[in-house]
Amino acid sequence: MGRYILARLLLNLLVLLAVASLVFLALRLSPGGALEAASQGVQGDPEQARQAARRSLGLDRPLWEQYWDYMSGLARGELGDSFRTRSPVAQEIRERIGPSFELGLLQLAVALLVGVPLGVVTAVRRDTWPDYVLRVTAVLFLGVPSFVLAIFVLLFSARYLGWTPPITTYRDLAPLPPFDTPAPEDPWLNLQVMALPALIGGLGTAAIVMRFLRAQMLEVLRQDYVRMALAKGLPGRLVVLRHALRNALLPVLTLAGLALGTLAAGNVVLESIFLIPGLGLYAVNGVRQNDFPVVQGMTVLVASFLVFVNLLTDLAYAWLDPRVRYA
Amino acid sequence: MPDEAATGGVVPVPAADALSGPAPGPGVPRAVGRFLRRRPLGALGVAVALAMLAASLGPPEPRFGLPNLPDRPLGFQMGRPFLARYGPEDFFRDDSGRLARFQPPSGRHWLGTDDKGRDVWARLVWGTRRSLFFALWALVLATVGGTAVGLASAYFLGWVDMLVQRLMDGLQSFPPLLVLMLVVTLTEPSLRVLAFALAVVALPSVQRVVRSVVLAVREEPYVLAARALGASHLRTMLRHVLPNVMAPVLTVFSVGLGSAVLAEAAISFVDPSTVPQSASWGIMLAEGRAYMFEHPHVVLAAGGAIAGAVLAFNLAGDALRDVLDPRLRVL
């Protein structure tokens, strides 16, 4: 087991190295946009402005020197300074990671709290009306993209309930609660901002969890040990929860792992609709403004989060299911 | 189905192929009928997908060139869609000569007009062409590439498999939306490039499905028999292994179409200024958002189109999976 973990860790490092190098090279292949952005508004000869921008951004140095700076920075946990704001990217990410994580974790909580019970119910009450209704609803939730749903919900709540979350419209950026502190200062306001996006994003995942769990439960409920448990007179609820659900939940773990793995990427779409200043918006703005250090930092962050959560998921799998063994 | 897999000048069917499934025969109409009865939702999905295809077609024009999106998806120029009466950027004036902004639905404008006085229905139909052919191109590339990679990787196993799979892990650890936006920002904004990028992003999940099937199939006695009869690796892969993955690949393809439509809409929605500007559901949704509380018909139309298309492809894919390959009935 120890050897396996070590091998996976080394492989993860290799993957991350490749990812970091690839994004570095891809950005350096076309620095035009970044120079354009940096030299905008500068008076005088545009060519001179571009040269000045190239120098001030450090893009005029030899490629290997930039690469070395970048890589040694990564090793120290530094991600460089943003081209636009000139402040350290690592610091900016730290400020924005809170809202993204809050939203992501809330979504996951909604997904599990809704998906797991419904999955059990639809499996146990197979081919009854609740089963049909819930399954069709789940398909609907799978089909409607979260950003479309978000807009429809906003529209409905504004028109018929007279309530919108504490933002006005997309055009004027409403003042948002200060998220730059780790703990939200006003829990009530925070909940108002987060409730809708968490529900909207979470219910889509809940539909997946439900369908997955239902299929798995049907499989497990057919097993001999379930019949055995029922035969020896255990109450049905106990059999379903203790014997069947425990085994059926394993694949759901993979789903939860996948959801956790994408946590660091933030949810671009929901963040931009609900104006949550998280990592998703940060990354998109970085791309939009050709802010190389931001793009590099976000890519490396997302990738490292993903590969290590994947590893943890696999290990948790082995821990929960003694049949799974990694040599 | 095995016949479709055959490529190039092919010789009589070897006996081993009889194992890979019944040949399509005169039972096809009956199978369609059964599909309609047993899978009404799936049939609805297929119907919506066909309707989208119909909406996106227009009269062919004798101008040829490399396929390009949105108006030359198949190598020849397509004119105004049959179902759209106006161009995507045509704007209209009302009787007093002012720009006809936010007209309610009428006989002239079936879904009304938007903030620039353009016909919403016409833009929706033009957007269908963009969405559908973008998704088709991205998925065809991803499926062909993913099948080739997964097939080779699982067939040869050993260090080939190790290397290829780690490469795929690396590819998958890029945040997808970020990659797509980055590609668009770094190159000329073009739907062709975007479709290609999406294909690369989607390739790992296609190859994973193919690989898992091939891993099981390669141990079958008939594969060994084919090798023993002197069939080359390439022939064994194409004639004896590949037919087995056709069912899951078809399913992945149809569900993937939904995701591709979604991806195009999401990018156009999040950052309308970076993607190529033509009538697009995502751009319509993004633009309509600015005035959605006063004039919701634009977001309702665009959002409904996106949701309907994704839903339809999902339903069709689900039904296809159940019919073609009950083993995969997990999600």
Side-chain angles (χ1 to χ4, degrees), chain A residues 11-12 14-16 18-19 22-23 26-27 29-30 32-33 136 139-140 142-149 151-152 154-155 158-159 164 169-171 208 211-212 215-216 219 251 261-262 264-266 268-269 272-273 280 283-284 286-290 295 298-299 302-307 310, chain B residues 41 45 162 166-167 169-187 255 258-259 261-263 265-267 269-271 273-274 281-282 285-286 288-294 296 299-300 302-315 318 329-331:
Chain A
L11 270 176
N12 279 356
L14 275 180
V15 166
L16 287 182
V19 167
L22 215 75
V23 71
L27 288 172
L29 278 180
S30 50
V136 170
V139 172
L140 279 178
L142 278 183
V144 182
S146 62
F147 59 102
V148 173
L149 189 63
I151 286 203
F152 284 5
L154 273 181
L155 196 58
R159 284 216 137 189
T164 46
T169 62
Y170 175 66
R171 273 177 297 185
I208 301 177
R211 280 158 54 101
F212 211 96
Q216 205 65 31
E219 190 73 35
T262 54
V268 182
V269 166
S272 76
I273 293 180
V284 166
V287 169
R288 210 178 272 171
Q289 288 146 355
N290 277 285
V295 176
M298 278 305 295
T299 310
V302 171
S304 39
F305 210 77
L306 198 75
V307 291
N310 280 352
Chain B
L41 282 179
M162 184 69 181
R166 293 296 80 72
L167 199 73
D169 284 354
L171 217 55
Q172 266 194 320
S173 50
F174 281 103
L177 201 59
L178 208 60
V179 171
L180 293 182
M181 290 188 57
L182 198 63
V183 169
V184 180
T185 330
L186 292 183
T187 59
V255 174
S259 315
V261 167
L262 181 60
I267 291 178
F269 173 75
V270 170
D271 200 358
S273 57
T274 54
W281 295 345
L285 194 65
R289 193 164 63 152
Y291 44 82
M292 70 175 190
F293 293 114
E294 300 85 32
V299 283
L300 286 177
I306 298 169
V310 177
L311 194 59
F313 285 127
N314 279 354
L315 288 174
D318 263 14
R329 214 171 158 178
V330 189
L331 259 176

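Labels below follow one simple rule: chain letters A, B, ... track the order of the sequence lines, proteins then strands, and each chain is numbered from 1. From a predicted model like this one, the values you see are computed outputs, not experimental measurements.
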Indicate the atoms forming the closest heavy-atom contact of [X] with [Y], along with that distance.
X: B:Asn314; Y: A:Gly143; result: ND2-CA, 3.9 Å
X: B:Gln172; Y: A:Leu306; result: O-CD2, 3.5 Å
X: A:Arg159; Y: B:Glu294; result: NH2-O, 4.0 Å
X: A:Pro145; Y: B:Ala307; result: CD-CA, 3.8 Å
X: A:Val23; Y: B:Phe174; result: CB-CE2, 4.4 Å
X: A:Thr299; Y: B:Pro175; result: CG2-CD, 4.2 Å

Contact class of [X] relative to chain B, heavy atoms under 4.5 angstrom:
X: A:Asn290; result: side chain
X: A:Ala18; result: neither
X: A:Leu155; result: both
X: A:Val19; result: both

So [Y] and [X], do their side chains get closer than 4.5 Å, heavy atoms only?
X: B:Leu178; Y: A:Val302; answer: no
X: A:Val268; Y: B:Met181; answer: no
X: A:Leu11; Y: B:Arg166; answer: yes
X: A:Phe147; Y: B:Val270; answer: no
X: A:Leu140; Y: B:Leu311; answer: yes
X: A:Val148; Y: B:Phe269; answer: no

Between B:Gly170, B:Gly288, B:Pro296, the one whose heavy-atom pairs under 4.5 Å with chain A are most numerous: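 Of B:Gly170, B:Gly288, B:Pro296, B:Pro296 has the most heavy-atom pairs under 4.5 Å with chain A.
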When B:Leu285, B:Leu41, B:Leu300 are compared by non-hydrogen pairs under 4.5 Å with chain A, the top option: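 Most heavy-atom pairs under 4.5 Å with chain A: B:Leu300.
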Derivation and outcome, side chain to side chain contact (heavy atoms under 4.5 Å, CB included), residues A:Leu27 and B:Leu182: CA-CA 9 Å; A:Leu27 288 172; B:Leu182 198 63; 4.0 Å; yes
Toward chain A, the part of B:Ala265 with a non-hydrogen atom under 4.5 Å: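 Interface part for B:Ala265: both.
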Atom group of B:Leu177 that falls short of 4.5 Å from chain A, counting heavy atoms: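 Contact with chain A is through the side chain of B:Leu177 alone.
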Pairwise distance CZ(B:Arg289) to CD1(A:Ile273) - rounded to 0.5 angstrom: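 Spacing of CZ (B:Arg289) from CD1 (A:Ile273) equals 5.5 Å.
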Spacing of OG belonging to B:Ser173 relative to CG belonging to A:Asn310, to within rounding of 0.5 Å: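 Result: 9.0 Å between the selected atoms.
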Report the option among [options] that has the most heavy-atom pairs separated by less than 4.5 Å from atoms of chain B.
options: A:Ser304, A:Ala158, A:Ala303, A:Gly286; result: A:Ala303
options: A:Leu142, A:Val295, A:Val284; result: A:Val284
options: A:Val144, A:Val15, A:Ile151; result: A:Ile151

